[in-house]
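Take a look at the structure set out below.
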Amino acid sequence: MIPIAKPYLTKDEAQSAYDTILSGWVTQGPKVEEFEKQFCEYTGADHAVAVSNCTTALHLAMIAAGIQPGDEVICPSMSYIASSNSIKYAGGKPVFAEVNPVTYNIDPVHAETLITDKTKAILIVHQIGMPADIDAFKKISEKHNVKLIEDAACAAGSSYKGKKIGSHSELVCFSFHPRKVITTGEGGMITTSNESYYKRMKLLRQHGMSVDNRARHQSEKLIFEDHVEVGYNYRMTDIQGAIGIMQLEKLDRIIDERRKIVKRYLEELSDIDCIRLPFEADGYFSNYQSFSIYLKKNAPLSRNELMQKMLDTGIATRRGIMNAHKETAYKSEYKNTKLPMSEDSADNSIMIPLYIPMSDDDVSKVISVLRGQLKD
Ligand SMILES: Cc1ncc(COP(=O)(O)O)c(C=O)c1O
């Protein structure tokens, strides 16, 4: 079976986790701090706060941005459900904007039309690693005085206009789930250029506690902590931090290897009329967290039939990105929401295997099965 994805983990990560376990310090500590420092160096961000996953990163970003009950936050419905859930955690209301059918990224023109007196922020999502148009959203956010938050769950290592994702705006949230390009098992990171957000998010991730465990542990004088606001336990462990340091060192190489496979897919599928392939415009650099194909109306079989045919030949696929407003948890609240582009894209797209190392033979098999099904 050719899987859809596989984390790239080696003995380096295993050794690093092993050493950390034997160090006796396993919760948030020196490895997490080092991972944060290196993540800042890699992305060019001023500050980084490691957390337990990207969903908790997004929750803290919503709090830092000041989202309160009743506030509206514009975001795409076509995203993993954690994007809109994070708005709800803070008491906000997700207001869904359309996506661009080629990049699957939130459409700035439609998003701007949704701004009301209640709009407090826009959450953009760099879908499956392809950066959204950050500058367009920065302009909108300045013009209407609303905050900008980036859901970069899938975009570690991607860049926009020559600068890495993580360095462009005040709140950028990453995921290190195994389905992402680098992983710590579970894990997340928020990068920020705002010093006061940084300090507050560091407090919030550890119960609002004014002194962290390590500082208390290392102090020669008796110190007591205070809990200055109601916080959360969103800590990353040092075992995860140690794995993250190793993964980050390999990130650019991982992306290079992924892009070699992408190049083959793009070249060897480009003559099939009934599909649309991903497109990277000038100034946009994707880590290709996933490779998605859109089936046009003239395709000889439906998306689900194609997925079944691929499964029958031993190739795993996934359907395209979901729409939150179509899920049971959101359906009744959003029963009047119509997002034709998002709905059509979700219904007719398919993700194909992409991971490293993926053998040339396996890439060839995926290409030949797709050609066999789609090329007349
Ligand atoms: C766009 C997006 N946002 C948020 C998340 C949530 O990330 P995590 O699983 O690290 O909480 C994901 C995970 O798939 C995602 O794709």
Side-chain angles (χ1 to χ4, degrees), residues 4-7 32 35 39 48-63 65 73-90 92 94 96-97 99-100 103-106 121-132 134 137 148-158 165-166 171-191 201 205 232-237 240-241 243-244 247-248 286-292 318-327 329-330 342 345-346 349 351 354-355:
I4 182 79
K6 241 196 251 181
V32 167
F35 184 33
F39 203 78
V49 181
V51 287
S52 48
N53 54 63
C54 185
T55 309
T56 54
L58 286 163
H59 184 198
L60 294 191
M62 291 297 153
I63 298 172
V73 179
I74 297 166
C75 68
S77 172
M78 192 186 175
S79 178
Y80 187 58
I81 199 155
S83 308
S84 43
N85 280 352
S86 70
I87 299 166
K88 287 193 168 265
Y89 298 160
F96 292 129
V99 295
N100 174 305
T103 61
Y104 305 135
N105 274 322
I106 178 167
I122 303 178
L123 174 66
I124 61 172
V125 183
H126 305 302
Q127 276 312 349
I128 56 176
M130 186 65 76
I134 299 172
F137 284 99
L148 178 63
I149 303 168
E150 292 175 57
D151 181 340
C154 301
S158 298
I165 297 297
L171 288 161
V172 190
C173 302
F174 296 87
S175 172
F176 306 119
H177 181 272
R179 186 69 179 78
K180 305 301 185 278
V181 171
I182 55 170
T183 184
T184 56
E186 296 279 351
M189 189 78 80
I190 312 152
T191 57
M201 292 188 294
R205 76 169 162 186
Y232 306 87
N233 181 356
Y234 286 171
R235 284 183 292 238
M236 174 182 274
T237 70
Q240 293 166 301
I243 296 170
Q247 287 271 281
L248 190 60
S286 174
N287 65 4
Y288 283 103
Q289 181 265 341
S290 290
F291 191 93
S292 177
R318 292 286 179 275
R319 61 196 172 126
I321 308 156
M322 59 181 294
N323 275 302
H325 74 285
K326 290 286 184 188
E327 295 297 305
Y330 283 75
S342 304
S345 304
S349 55
M351 298 197 191
L354 176 55
Y355 53 87

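Order of listing sets the numbers, starting from 1, for every ligand and every atom in it.
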Taking 4.0 Å as the limit for heavy-atom contacts, which would you say applies to Thr55 with ligand 1: side chain only, backbone only, both, or neither? both
Shortest protein contact, atom 10 (O) of ligand 1 (heavy atom only): Ser175 OG, 2.7 Å
Find all atoms of ligand 1 within a distance of less than 4.0 Å from any non-hydrogen atom belonging to Ala82, and give their numbers and elements. 4 (C), 5 (C), 6 (C)
Quick one: does ligand 1 sit under 4.0 Å from the side chain of Cys154, the backbone, both or neither, non-hydrogen atoms only? side chain
Would you check if the distance from the ring center of Phe39 to the ring center of Phe176 is below 6.0 Å? yes
Per-residue contact class, Lys180 against ligand 1 - non-hydrogen pairs under 4.0 Å: side chain
Short question: side chain of Gln240, backbone of Glu186 - any donor-acceptor pair under 3.5 Å? yes
Protein heavy atom at shortest distance from atom 2 (C) of ligand 1: Ala153 CB, 3.4 Å
Would you mind listing which atoms of ligand 1 come within a distance below 4.0 Å of any non-hydrogen atom of Tyr80? 2 (C), 5 (C), 12 (C), 13 (C), 14 (O), 15 (C), 16 (O)
Just by modelled atom types, is the Tyr234 backbone N or O under 3.5 Å from a matching donor or acceptor in the Thr56 side chain? no
Residue pair Asn85 / Tyr330, side-chain donor-acceptor N/O under 3.5 Å: yes
What atoms of ligand 1 come closer than 4.0 angstrom to any heavy atom of Ser79? 1 (C)
Donor-acceptor pair, Asp151 side chain versus Ala153 backbone, under 3.5 Å? yes
Any idea which protein heavy atom is nearest atom 7 (O) of ligand 1, and the distance to it? Cys54 CB, 3.3 Å
Need the ligand 1 atom indices (1-based, order shown) with element for anything under 4.0 Å from a heavy-atom of Asn53. 10 (O), 11 (O)
Taking atom types as modelled, is there a side-chain donor on Ser290 or Arg179 under 3.5 Å from an acceptor on the other? yes
Against heavy atoms of Val125, which atoms of ligand 1 measure under 4.0 Å? 1 (C)
Determine yes or no for a side-chain-to-main-chain donor-acceptor pair under 3.5 angstrom, with Asn105 supplying the side chain and Gln127 the backbone. yes
Protein heavy atom at shortest distance from atom 3 (N) of ligand 1: Asp151 OD2, 2.7 Å
Are Val99 and Ile321 packed together at the side-chain level, in the sense that at least one heavy-atom pair is separated by less than 4.5 angstrom? no
